[in-house]
Visitor: 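Handing you a structure now.
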Amino acid sequence: MNSGTHRWSVLPDTVLHWYCADDETLVYYEQAGTTHLLTATSAEALRFLEYNEANIGELVAVVSQTLTLDVDGDDEFFFLMEALVEQLQKLGLIEACAH
Amino acid sequence: MNVAALGAAELRNRLHGDGLVYRVGPYAVRLRSSIDQVLSAFSCLYADYPVEPDDGFADFHVYVHRPQNLRRWYRPQAIFEFDGKVPFKPLPFSQSYPFFEWGLNWCVSNHISNHLIIHSAVLENRGQAVVMPGNPGVGKSTLCAALMLRGWRLLTDELGMLSVDDCLFAPVPRPVSLKNNSIDLIANFAPEAVIGPRCEDTVKGTVAHVRAPADSVARAAEKATPRLVVLPQYVEGANAQLIPLSRPEAAMQIAGNTFNYSRLGLQGFATLTRMIDGCRCFEFRYSRLDDAIDTFEQLLVGGEG
């Protein structure tokens, strides 16, 4: 699957609970009863996908703006985001949108 | 009245009869046993525990006894009974006393619902409770015994009980379980420590229990506020070293050392994060107990004010 061309979001009816401290985040996925430790980048991506759909490029824009990262023209951050999205998918936290 | 005040004859009568009901922090245990080894170890290690009325309520009904079959004589065994059921296979008779302690751990960790139960030692000093989670073998109980023998209040060496209601630790100050080399280490470190009988060839090797300080038992109704999370690791020859740990990372480590985090669901997550938010968290490597105690004293100073 090429995650870069898909749009992503959390699973329908997902309820997430957050705890942030010391530049790291814990998220509790209520339906699955699982707890995950996220980096700031992963956490911001998931926070956006909790209420929105987005492709990788849009996530790069949103996360870099939120974290005030200067990533203009930086392919590495795009690939990093692609890898993070795949990890979030493997954890069962997000899925590719149907359309 | 405490167990010592009962006297040897009355203690024997109760254990052999309908059972002795005694209190450890938030719960009461009715213990019956016809085994002298259990009686002698119990009278040594539980002398300071309050006795409840004979007809009083008990949370756990425990019976440690010999089987009625041939194994009473041939390679004798001990049976642990909880509320009339036998949850474990018998163990060799010589392990009767540790079997009681291990069985009671199981009772608590599987049947208490209003606490997040963390596999950890918990001690308190100057109003600050330190939580030391960790898998067996990291030096948790040894460090716990050393701290309590230097005046820290023991809440538990094994089952940290964090209330989901007020996020305070409920003391369950039972004897501290030591294994193998740690037994002599603590005996030399604190010659005044009361150490119960050594039991060899268990699945954990040689085990022995250290009596909890009378002050810790007397203050078992006094909850403690978590302020420090320390993940200990004994490393031979290492100097005492604290390595700061982020609170989310520490919370993950604790979640992996709980008995009922999943069962509590969102309440478990809320309790854990509420606790960790008020704590400073560290990994801690050590090899010498005196250095470790100095380090913990310094941590207390850093948390005051």
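Per chain, numbering begins at 1; letters A, B, ... match sequence-line order.
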Visitor: Of the non-hydrogen atoms in A:Glu24 and B:Pro248, which two are nearest, and what is the gap between them?
Guide: O-CG, 3.5 Å
Visitor: Can you tell which part of A:Glu30 gets under 4.5 Å to a heavy atom of chain B, answering side chain, backbone, both or neither?
Guide: side chain
Visitor: Could you report the tightest heavy-atom contact between A:Leu26 and B:Ala251, atom names first, then the distance?
Guide: CD1-CB, 3.5 Å
Visitor: Could you look at A:Thr25 and say if it's the side chain, the backbone, both or neither that has a heavy atom under 4.5 Å from chain B?
Guide: backbone
Visitor: Measure distances from B:Ile276 to the heavy atoms of chain A and classify the residue's part below 4.5 Å as side chain, backbone, both or neither.
Guide: both
Visitor: Can you confirm whether A:Tyr19 sits close enough to B:Leu272 that some side-chain heavy atom of one is under 4.5 Å from a side-chain heavy atom of the other?
Guide: no
Visitor: Distance from B:Met252 atom CE to A:Leu37 atom CG, nearest 0.5 Å?
Guide: 5.5 Å
Visitor: Evaluate whether atom CD of B:Gln241 has more than 12 neighbouring non-hydrogen atoms of other residues, nucleotides or ligands under 6.0 angstrom away.
Guide: yes
Visitor: For the atom pair CG (A:Asp23) and CZ (B:Arg247), what is the distance rounded to the nearest 0.5 Å?
Guide: 10.0 Å
Visitor: Would you find a donor on one side and an acceptor on the other, under 3.5 Å apart, between the side chain of A:Tyr28 and the backbone of B:Leu266?
Guide: yes
Visitor: Answer yes or no: does atom CZ of B:Arg285 have more than 12 heavy-atom neighbours from other residues, nucleotides or ligands under 6.0 Å?
Guide: no
